[in-house]
2 protein chains.
Amino acid sequence: MNQESKFQYEKFLNHISLDCVVFGFHDNQLKVLLLRMKFTKEWALPGGFVKEDESLESAATRVLKERTCLDNIFLKQFKVFSDPQRSNTNPAVQDLIDSGANPDQSWFNQRFISVGYYALVDFSKAEPQPDYFSDLCEWKSLNEINTLILDHLQILNKALENLRMQLNYQPIGYNLLPDKFTMPELQKLYETILGKELDRRNFQRKMLSYNILIRLEERKTGGAHKAPFLYEFNLENYQKALQNGLYGGW
Amino acid sequence: MNQESKFQYEKFLNHISLDCVVFGFHDNQLKVLLLRMKFTKEWALPGGFVKEDESLESAATRVLKERTCLDNIFLKQFKVFSDPQRSNTNPAVQDLIDSGANPDQSWFNQRFISVGYYALVDFSKAEPQPDYFSDLCEWKSLNEINTLILDHLQILNKALENLRMQLNYQPIGYNLLPDKFTMPELQKLYETILGKELDRRNFQRKMLSYNILIRLEERKTGGAHKAPFLYEFNLENYQKALQNGLYGGW
DNA sequence: CTATCATTGTGTCAATTAAACACATTAATC
DNA sequence: GATTAATGTGTTTAATTGACACAATGATAG
């Protein structure tokens, strides 16, 4: 276990927290990284607080490095959750207090405005680590997730909504797939995020038209049936597409 | 002057502020509502703080009602600005301190994480009101705005970027135009936001295809040349389009 | 080692959408 | 009443999307 040895709430800004929806892709399924709370055994999104001298982005990066052991994670701020009632009527708060991290209870009893981030990571490279308040850190498939503490399920759904939007004007995949991947794998990723099936041939045509893929001379063998080509991203064009978007619109 | 008689910083959450980029449309130009600081005479975005029992949305709504005398303003949260250095190296802070609102200076010397909102309002119905720290509240055209306090120019630019994005998947205009308007006026609004010209005939065809417009039997007379039809929005379809978006994407 | 099977690679055709452009109409002005 | 400059309403062509067909191939079963 690579938990923090002490929870130093003294260093953090009051009232502000952040929650991260970490997406990964494995077994043709979209996964989300969750923590199991030590006491109530409820599941939660990884989150944290903001130190006095760091930006939200730095704080999110720090938290995600602690939870996944990864650097350079794709991070996107998508919404702030500020309902005054979002955290004060939930047993999870008691759980945090029970943790003993904050003896006088003043830290967890305050109201938090939480900034939501979603992250896209390479499933195979992440090494899930629980935090001070949890005893387990695991990937869960979307359909396995029924309840989460506080408003975390709402945060997860909003993140997914935003990820689906991103799909429509920015490339996706570099952060979620291994370096080399097949067209069917990329398509499955899209289908999983969107929750619907796409036409194989039209998908390929559209995807290739973005000019962000490089087809390798290699094929992926081992599976039954015809061996598909391997692709990798053209990083230069991928970055351009991230900046400029994929569609013109007006 | 309809200023607040007292600045009650005691009631607000520490470290959290909000800034609003209020867009209006007048004389075929996109306008932004700005405040002139009492002492330094620098210009700033309208902003405020969050009371202990209100959400960010409520706080933004409250602030905008104070600045424009309008209810039911279209509001959209677009980004949080959290650079630790964003406010502590700027003369504007001294200006706020000089205001005397907070004698021990503890309030304005703290670090603020600011949530950015943009608002779309009917120019002709807003009644600009300065706040406790400003002596003037005025509409400014985008090209008139060169410098703003703190990182407000950056906030403005990000808001504009987001507004341009919104144009590509949601209808716009109901909040910015009077109840009845002409097609050329609507087109000018789009052109102003996008900063580029559009083909008159293609614009009309595309806009009508959304089914959010109702053409009235009336025409707008008074201008030289042929009188254009007046339109109004079909509110039911407009709301649907806001929810579902205008384009399919994947 | 050959036939079978499921999947991949490639391509076509029709329908829809977008871009570029032309001409008739009309309200104010002189 | 002619002129002017903008509006109303098209058409034509190109580009994109959606639906679908068939050949190629790697593993597997017999």
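Reckoned from all heavy atoms, side chains included, excluding hydrogens, waters and symmetry mates. Throughout, a chain's letter reflects where its sequence line sits, starting with A, and its residues are numbered from 1.
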>> So, OP1 or OP2 of D:dA19: does either fall under 4.0 Å of a side-chain N or O from A:R200?
In response: no

> Which is it for A:W43 and A:I145 under the side chain to side chain contact (heavy atoms under 4.5 Å, CB included) test, yes or no, and what are the steps along the way?
Replying inline: CA-CA 9 Å; A:W43 293 88; A:I145 304 172; over 6 Å; no

> Expressed in angstrom and rounded to an integer, what is the separation of A:L213 atom CG from C:dG9 atom P?
Replying inline: 12 Å

> Are any of the side-chain heavy atoms of A:F81 and A:I155 separated by less than 4.5 Å?
Replying inline: yes

>> Using whole Å, what does the distance between atom C1' of nucleotide D:dT7 and atom CG of B:L230 come to?
In response: 13 Å

> If we only count heavy atoms from C-beta on, is the B:K76 to B:Y117 side-chain gap below 4.5 Å?
Replying inline: no

>> If you go through the side-chain atoms of A:R205, does one of them form a donor-acceptor pair with the base of D:dG18 closer than 3.5 Å?
In response: yes

> Can you find an N or O donor on one side and an acceptor on the other, under 3.5 Å apart, linking the side chain of A:K226 with the base of C:dT8?
Replying inline: yes

> Tell me: NZ of B:K188 to C1' of D:dA6, nearest whole Å?
Replying inline: 12 Å

>> So, OP1 or OP2 of D:dT9: does either fall under 4.0 Å of a side-chain N or O from B:R215?
In response: yes

> Can you find a side-chain donor-acceptor pair between B:D122 and B:S124 that sits under 3.5 Å?
Replying inline: yes

> Given atom CG of A:L198 and atom P of D:dT17, what is their separation to the nearest angstrom?
Replying inline: 13 Å

> Which one, C:dG9, C:dA27, D:dT9, comes nearest to the side chain of B:Q204?
Replying inline: D:dT9

> Taking for each residue the nucleotide of DNA chain D bearing the nearest heavy atom, is the 5' side occupied by A:K206 or by A:H225?
Replying inline: A:K206

>> In whole Å, I'd like the distance from the CZ atom of B:F203 to the C1' atom of C:dT17.
In response: 17 Å

>> Rounding to an integer number of Å, can you tell me how far A:K220 NZ sits from C:dA6 P?
In response: 21 Å

>> How many whole angstroms separate atom CG of B:D199 from atom C1' of D:dT12?
In response: 14 Å

>> If you assign A:T182 and B:G223 each to the DNA chain C nucleotide with the nearest heavy atom, which residue ends up on the more 5' nucleotide?
In response: A:T182

>> Once hydrogens and angles are ignored, does a donor-acceptor distance under 3.5 Å link the base of C:dA19 to the side chain of B:R201?
In response: no

> So which one's nearest nucleotide on DNA chain D is more toward 5', B:P228 or A:N202?
Replying inline: B:P228

> Could you give the OH-to-P distance, from B:Y210 to C:dT17, as a whole number of Å?
Replying inline: 12 Å

>> Which residue in the set A:L18, A:V115, A:N162 passes side chain to side chain contact (heavy atoms under 4.5 Å, CB included) when paired with A:Q77?
In response: A:V115

